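To start, the structure under review is shown below, and the notes come after it.
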Amino acid sequence: MTVCVGLLLKIMPPFFLPTFYLKTMGMLFCILFLTVLPDSARQEEPTADFSSNFRLGSVMNGSFAFLLLGIFCLSVGHIMIDNFMLQIMQSVGGNSENLGIAVSVAALVEFPAMKSYRFLSSRFGNARILVFSAFAWVIKNLLIFLASSPSVICAAETLQFFSYALYTPGIVTYIGEKYPKNEQLCRLSLVGSAYTAGSFASASIGGLLLDFFGVHSALLSIIPITLVGALLFIAAVRRDCPSIECCSTSEKTNR
């Protein structure tokens, strides 16, 4: 879709975009509305009373607070690049067609990454994958900052495989493995809220940075933010998994 939109924007004004997105969201709504959950998803075990066994303040221990702050910082850089990819492309001589290609590359690599996550997790361990994804985020943003042509940006977008695409199933698995069942939904919602807060901050300040300092300086400003986020994220994961085991869950159970 992003490739098609990029090509259409070369010959059509951007006024068709709202209608286009409304139609695609309408299609998505219909698909979700018609989706039938399997019986196994309907039969959930009764959970303990949330209010009596768990309090929000109890989740904000040191490592989890670092994890949330790290996710916040990582999402600032990630969303700024996504939101202002057109301006980034134009700064290196690209156009809307290059934008569509770059975004489609990032979207294309997400499917095989998430599909292969189970195998990668069993081979390397979930904690190690999360650490690697944080490093990949830093490298991706650094490559885009150093890019001198649209092709370099498209190449950097392939690192979406190792960053966001592996982070998404990895963080869910991490919460599921490290915390009791009655805490998991709350912790996952906080993880999502940290990402959303970073997205909001990025959207709020990103435009101002671009207007006042230009694309190059704006990209430079997110490098230390992403690096700090990666270090906090990795510190939290390593604190909970100090040995960064690479064995699978089944192997740990057998041991």
Side-chain angles (χ1 to χ4, degrees), residues 35-45 47-48 59 61-75 77-78 104-141 143 155-195 226-227 229-255:
T35 299
V36 178
L37 292 175
D39 292 337
S40 59
R42 301 174 185 273
Q43 299 171 359
E44 298 181 353
E45 297 179 1
T47 57
V59 308
N61 55 58
S63 61
F64 193 70
F66 284 161
L67 186 80
L68 296 180
L69 188 56
I71 292 171
F72 171 86
C73 293
L74 288 171
S75 67
H78 180 70
S104 67
V105 167
L108 188 63
V109 300
E110 287 182 5
F111 177 75
M114 295 184 182
K115 188 68 176 176
S116 60
Y117 171 78
R118 185 187 294 263
F119 167 77
L120 294 174
S121 178
S122 65
R123 177 66 179 83
F124 300 104
N126 183 64
R128 183 168 290 177
I129 288 177
L130 285 176
V131 168
F132 188 75
S133 71
F135 279 122
W137 242 319
V138 176
I139 296 172
K140 175 188 172 184
N141 291 354
L143 287 177
E157 286 293 330
T158 60
L159 290 176
Q160 187 89 338
F161 182 103
F162 302 103
S163 55
Y164 178 77
L166 289 182
Y167 156 82
T168 301
I171 194 64
V172 176
T173 304
Y174 174 83
I175 297 297
E177 289 179 348
K178 299 302 172 185
Y179 299 103
K181 195 168 185 179
N182 69 311
E183 298 182 10
Q184 290 172 12
L185 287 179
C186 180
R187 290 184 186 271
L188 281 173
S189 67
L190 289 173
V191 165
S193 298
Y195 190 90
T226 305
L227 181 59
L231 293 176
L232 290 171
F233 185 83
I234 292 169
V237 173
R238 287 182 65 87
R239 182 174 179 178
D240 285 339
C241 310
S243 60
I244 307 294
E245 300 92 341
C246 61
C247 57
S248 65
T249 303
S250 60
E251 289 172 338
K252 292 176 185 177
T253 303
N254 293 335
R255 290 176 188 174

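Values below: every heavy atom of this structure, side chains too, minus hydrogens, waters and symmetry copies. Predicted model, so just to flag it, every value in this text is computed and none were measured.
Residues meeting the side chain to side chain donor-acceptor pair (under 3.5 Å) test with T173, sequence neighbours left out: Y117. Partners of L108 under the side chain to side chain contact (heavy atoms under 4.5 Å, CB included) rule, at least two apart in sequence or in another chain, do not exist in this structure. With sequence neighbours excluded, no residue satisfies side chain to side chain donor-acceptor pair (under 3.5 Å) with Q184. Qualifying side chain to side chain contact (heavy atoms under 4.5 Å, CB included) partners for L185, counting only residues two or more places apart in sequence or in other chains: none. For L231, the side chain to side chain contact (heavy atoms under 4.5 Å, CB included) test picks out L227, with sequence neighbours left out. Considering only residues two or more places apart in sequence or on other chains, I234 meets the side chain to side chain contact (heavy atoms under 4.5 Å, CB included) condition with V131, A134, F135, R238. Partners of F162 according to the ring pair (Phe, Tyr, Trp, His ring centres under 6.0 Å) rule, which considers only residues two or more places apart in sequence or in another chain, are F132.
Counting only residues at least two apart or in different chains, salt bridge (charged side-chain N to carboxylate O under 4.0 Å, His left out) contacts with residues 158-170 are absent. Among pairs with a residue in residues 161-171, none fulfils side chain to side chain donor-acceptor pair (under 3.5 Å), at least two apart in sequence or across chains.
The OG atom of S193 lies 10.5 Å from the CG atom of L188; values are rounded to the nearest 0.5 Å. The distance from atom NZ of K178 to atom CG of L67, rounded to the nearest 0.5 Å, is 12.0 Å. Taken to the nearest 0.5 Å, the CH2 atom of W137 stands 9.5 Å off from the OG1 atom of T226. Rounding to the nearest 0.5 angstrom, the gap separating the CD atom in Q160 from the CG atom in L166 is 10.0 Å. The structure places OG of S133 at 12.0 Å from CG of L159, a figure rounded to the nearest 0.5 Å. With values rounded to the nearest 0.5 angstrom, F111 atom CZ is found 11.5 Å from F161 atom CZ.
When all heavy atoms are compared, the tightest approach of A165 to M114 is O-CG, 3.5 Å. Taking both residues in full, the closest heavy atoms of G70 and L232 are given as CA-CB, 4.0 Å, listed atom of the first, atom of the second, then distance. Heavy-atom minimum distance, E157 versus V109: O-CG2, 4.2 Å. Closest heavy-atom contact between F233 and L130: CE2-O, 3.5 Å. Shown here for S63 and A236, the closest heavy-atom pair between the two residues is O-CB, 3.1 Å.
Between the side chain of S121 and the backbone N or O of R118 there is no donor-acceptor pair closer than 3.5 Å.
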